[in-house]
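Note that these values count all heavy atoms, side chains included, but never hydrogens, waters or copies made by symmetry. What you are looking at is a predicted structure, and each value in this text was computed from that prediction instead of being measured. Throughout, protein chains are lettered first and strands after them, A, B, ... in sequence-line order, and every chain is numbered starting at 1.
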2 protein chains.
Amino acid sequence: MSSVKEVAARANVSVATVSRVLNHDPSVKAVNRQKVMRAIEELQYKPNVLAKNLRKQSSNTIAMVMPTIANPFYAGIVRGAQEAIRNSGYHMILGTTGWQADTYENMLSTSQVDGIIILSSWANKKVIQKLNENYPVVMCNEYFDDIHITYVAIDNRKAGYDAACELIRRGCRNIVYITGSKKSSSVGDRLTGYKEALSEAGIDFRPELIVKPHQGNGEDGQLVGILNELVDQGIAIDGLLTHSDLMAAFVLKGIRDKAIRLAEEVGMISFDGTFLTEISNPGVTAIVQPAYELGFSSVKLLLQKIQNKEINTSGRHILDHQLVVRET
Amino acid sequence: MSSVKEVAARANVSVATVSRVLNHDPSVKAVNRQKVMRAIEELQYKPNVLAKNLRKQSSNTIAMVMPTIANPFYAGIVRGAQEAIRNSGYHMILGTTGWQADTYENMLSTSQVDGIIILSSWANKKVIQKLNENYPVVMCNEYFDDIHITYVAIDNRKAGYDAACELIRRGCRNIVYITGSKKSSSVGDRLTGYKEALSEAGIDFRPELIVKPHQGNGEDGQLVGILNELVDQGIAIDGLLTHSDLMAAFVLKGIRDKAIRLAEEVGMISFDGTFLTEISNPGVTAIVQPAYELGFSSVKLLLQKIQNKEINTSGRHILDHQLVVRET
DNA sequence: CTGAAAGCGCTTACAG
DNA sequence: CTGAAAGCGCTTACAG
């Protein structure tokens with residue numbers, strides 16, 4: 001690979017001039033600009049991003065961090081994020097499972113990335129708080145109300161309320177909520193909404209109806225055991241709320257396989273509303289989250305923070321969700 | 001952030017010694033090693049990866065490039081890849097849609113990544129060939145038999161043959177194959193297998209039964225129109241092969257919505273066999289690809305190429321697929 | 001066993 | 001308008 005030095009030699013100018021041309025500095029005389037451009041062309045010169053970033057102490061790159069790519073909800077968010085970053089002069093990398101918090105701390109501190117977007121509950125509060133104190137950070141789809149941070153999400157309390165109300169309206173009384181990590185604020189808020197709906201309808205809240213898979217989304221048939229246990233305890237489950245579309249899909253499969261001994265007529269509502277709820281048979285009623293817009297807004301907000309050198313600022317950006325009634 | 005310089009100052013040694021400690025050079029005296037370690041600890045020093053990579057002209061990082069993350073098949077591959085890279089001393093970044101071929105060329109030439117794994121038909125043959133001539137490259141799940149390249153994949157000809165045979169065995173005669181990009185070798189090979197099975201069974205090959213969505217996996221109901229058109233032409237479709245699980249899911253949805261006017265009894269086999277074929281109702285019969293192993297092997301092969309400084313070598317690594325019969 | 005120095009490939013005050 | 005020089009934070013022959 002050729003470097004600025006070789007380009008400079010070929011164009012008979014200094015490396016400073018080459019660099020200026022590269023960075024569209026208007027002060028370069030047209031003649032010299034031409035010479036440099038020709039040399040770049042002839043040598044097929046491509047700037048070394050590593051060197052550039054090291055020198056500038058910034059990379060024009062952001063990272064989007066997610067717990068796993070195996071959830072279609074994230075795919076929608078990523079699509080929106082990619083659209084928002086297009087033509088912004090920034091790049092986005094996807095932080096994958098397996099990278100640790102200190103990886104990001106490191107990437108930020110060494111200017112490999114200029115800011116990060118954190119999807120869902122990828123790390124604990126303390127870690128995120130520390131990152132947010134020192135670097136531009138935006139949370140997407142998850143948040144912590146008790147720390148100063150910028151986030152984009154739906155109103156999860158209202159979403160939980162809306163979902164529960166719909167089931168109650170249909171006559172459900174024993175509504176099981178298959179939920180996620182307790183540390184997650186979206187889990188907590190949806191639960192609050194669920195309780196409010198119950199209370200409004202004069203139904204007692206029963207903590208035993210709140211369950212969660214030991215890990216993940218219940219891929220390996222975990223949900224079967226959990227639900228059957230409730231049935232064994234004599235609970236006549238007539239409504240089901242699932243924290244993710246994947247969970248809903250696995251529950252449906254369990255019912256279909258007759259592995260879960262639920263009644264035929266169980267009202268089910270899933271959160272996220274990805275294409276999984278559409279292709280399911282029966283189609284799953286869902287609280288549809290605006291995945292694309294969540295991703296889009298997160299990026300726009302992060303770029304704004306980066307450009308304004310904002311750190312440790314906060315802001316709540318709430319997007320609308322939608323109840324889409326299908327067959328369950 | 002502190003640098004080697006500050007660590008050196010605090011430890012009363014030279015930066016060279018600090019660097020040696022950082023790189024586990026055994027020649028450093030124990031006393032000095034201790035002093036440096038303490039200084040690192042006290043200053044919370046973290047090496048600057050950018051500087052290190054620039055100097056060493058290598059990054060211990062590989063990229064896995066995929067057309068989109070919105071396909072669960074890739075999630076399985078990524079999982080295997082992550083497992084293979086764990087404890088190897090290398091990192092993996094995910095190349096997302098929207099990055100262009102020259103992005104990778106650039107990352108490779110400037111040592112941001114030491115090698116790449118290309119999933120599916122993300123770029124055209126010429127581009128990949130050029131990359132492969134200059135850098136360590138492994139193709140996964142897609143390949144080009146007419147260029148020198150290392151790849152990991154299933155035997156797609158046999159997969160197409162196995163799938164078609166199964167449908168023919170069931171009595172299907174008008175088997176529509178919803179396929180993918182013509183440039184893709186997996187598409188071509190599966191088609192070859194399909195034709196072989198037909199020929200063996202004495203069934204004429206009819207090109208009009210080979211169709212494909214204009215783009216993607218038929219998300220937006222494209223497949224409905226395509227299939228209905230065939231029905232309108234008087235073709236009594238009694239078998240269906242789909243190039244991806246997503247396609248199968250959308251076809252099922254179309255049938256269920258009565259948007260596609262297919263007979264009730266259509267044998268359907270999908271390629272990939274992700275969890276989508278399991279949760280579908282009816283469950284979709286599938287040629288299951290070993291996603292995890294594909295990812296795992298790809299990484300192992302790439303790391304081997306990088307460590308041996310192999311470039312422009314070739315190798316075929318064929319993993320077994322499996323026909324899993326479900327309800328379709 | 002250790003340090004001074006060169007250099008990876010850039011950018012950017014500074015001086016002219 | 002341009003160039004020489006310093007420097008981003010590392011590593012590594014080389015000399016001692």
Side-chain angles (χ1 to χ4, degrees), chain A residues 1-37 39-40 43-61 89 91 105-114, chain B residues 1-37 39-40 43-61 89 91 105-114:
Chain A
M1 278 305 297
S2 45
S3 66
V4 275
K5 215 168 153 183
E6 296 166 62
V7 173
R10 188 172 191 104
N12 265 314
V13 295
S14 72
V15 293
T17 299
V18 173
S19 177
R20 290 192 186 103
V21 171
L22 251 23
N23 291 289
H24 307 106
D25 183 330
S27 71
V28 179
K29 241 202 303 190
V31 192
N32 286 333
R33 180 183 313 282
Q34 292 308 329
K35 288 199 293 185
V36 171
M37 305 264 271
I40 286 174
L43 292 170
Q44 294 250 53
Y45 168 77
K46 297 280 190 310
N48 184 313
V49 180
L50 240 45
K52 176 175 178 160
N53 292 352
L54 176 60
R55 176 57 228 249
K56 297 194 63 158
Q57 300 285 62
S58 100
S59 60
N60 279 26
T61 300
H91 288 110
E105 157 84 56
N106 215 307
M107 294 181 87
L108 285 161
S109 73
T110 62
S111 336
Q112 287 181 83
V113 300
D114 296 341
Chain B
M1 278 305 294
S2 46
S3 67
V4 273
K5 215 166 153 184
E6 297 167 61
V7 174
R10 189 174 192 103
N12 266 315
V13 296
S14 72
V15 293
T17 298
V18 174
S19 177
R20 290 194 186 99
V21 171
L22 253 21
N23 293 287
H24 306 106
D25 184 329
S27 69
V28 180
K29 239 200 307 191
V31 192
N32 286 333
R33 182 184 311 283
Q34 293 306 329
K35 291 200 289 182
V36 170
M37 303 263 271
I40 286 175
L43 293 170
Q44 294 249 52
Y45 168 77
K46 296 281 188 308
N48 184 311
V49 181
L50 239 45
K52 174 174 179 159
N53 293 352
L54 174 62
R55 175 55 228 250
K56 298 195 61 159
Q57 300 286 64
S58 98
S59 61
N60 278 25
T61 300
H91 287 111
E105 157 83 58
N106 215 306
M107 294 180 87
L108 285 161
S109 72
T110 63
S111 338
Q112 288 182 80
V113 301
D114 296 341

Which residues pass the side-chain hydrogen bond (donor to acceptor under 3.5 Å, both in side chains) test with [X], not counting sequence neighbours?
X	value
B:S111	none
B:S3	none
B:T61	none
B:R10	B:E42

Restricting to pairs with a member in residues 43-55 of chain A, which pass salt bridge (Lys or Arg N to Asp or Glu O under 4.0 Å), not counting sequence neighbours?
none
Identify whether any heavy atom of A:T17 sits under 4.0 Å from a base atom; if not, whether one sits that close to sugar-phosphate; answer base, sugar-phosphate or nothing.
sugar-phosphate
Residues that B:N53 engages under side chain to side chain contact (heavy atoms under 4.5 Å, CB included), provided they are two or more places apart:
A:L50, B:V49, B:S59
Residues in salt bridge (Lys or Arg N to Asp or Glu O under 4.0 Å) contact with A:R33, at least two apart in sequence or another chain
none
For every nucleotide of nucleotides 4-11 of chain C, 5' to 3': is a protein heavy atom under 4.0 Å from its base (B), only from its sugar-phosphate (S), or from neither (-)?
B-BBBBBB
In whole Å, what separates the C1' atom of D:dG16 from that of D:dT12?
16 Å
How far does the P atom of D:dG9 sit from the matching atom of D:dA13, given to the nearest Å?
23 Å
Toss me the dot-bracket line for DNA chain D: Watson-Crick and G-U wobble, both under 3.5 Å, 5' to 3', using | for pairs to another strand and [ ] for crossers.
|||.||||||||.|||
Nearest whole angstrom, please: distance from the C1' of C:dG3 to the CG of B:N12.
13 Å
Do side-chain atoms of B:D25 reach the backbone of B:S27 as a donor and acceptor pair under 3.5 angstrom?
yes
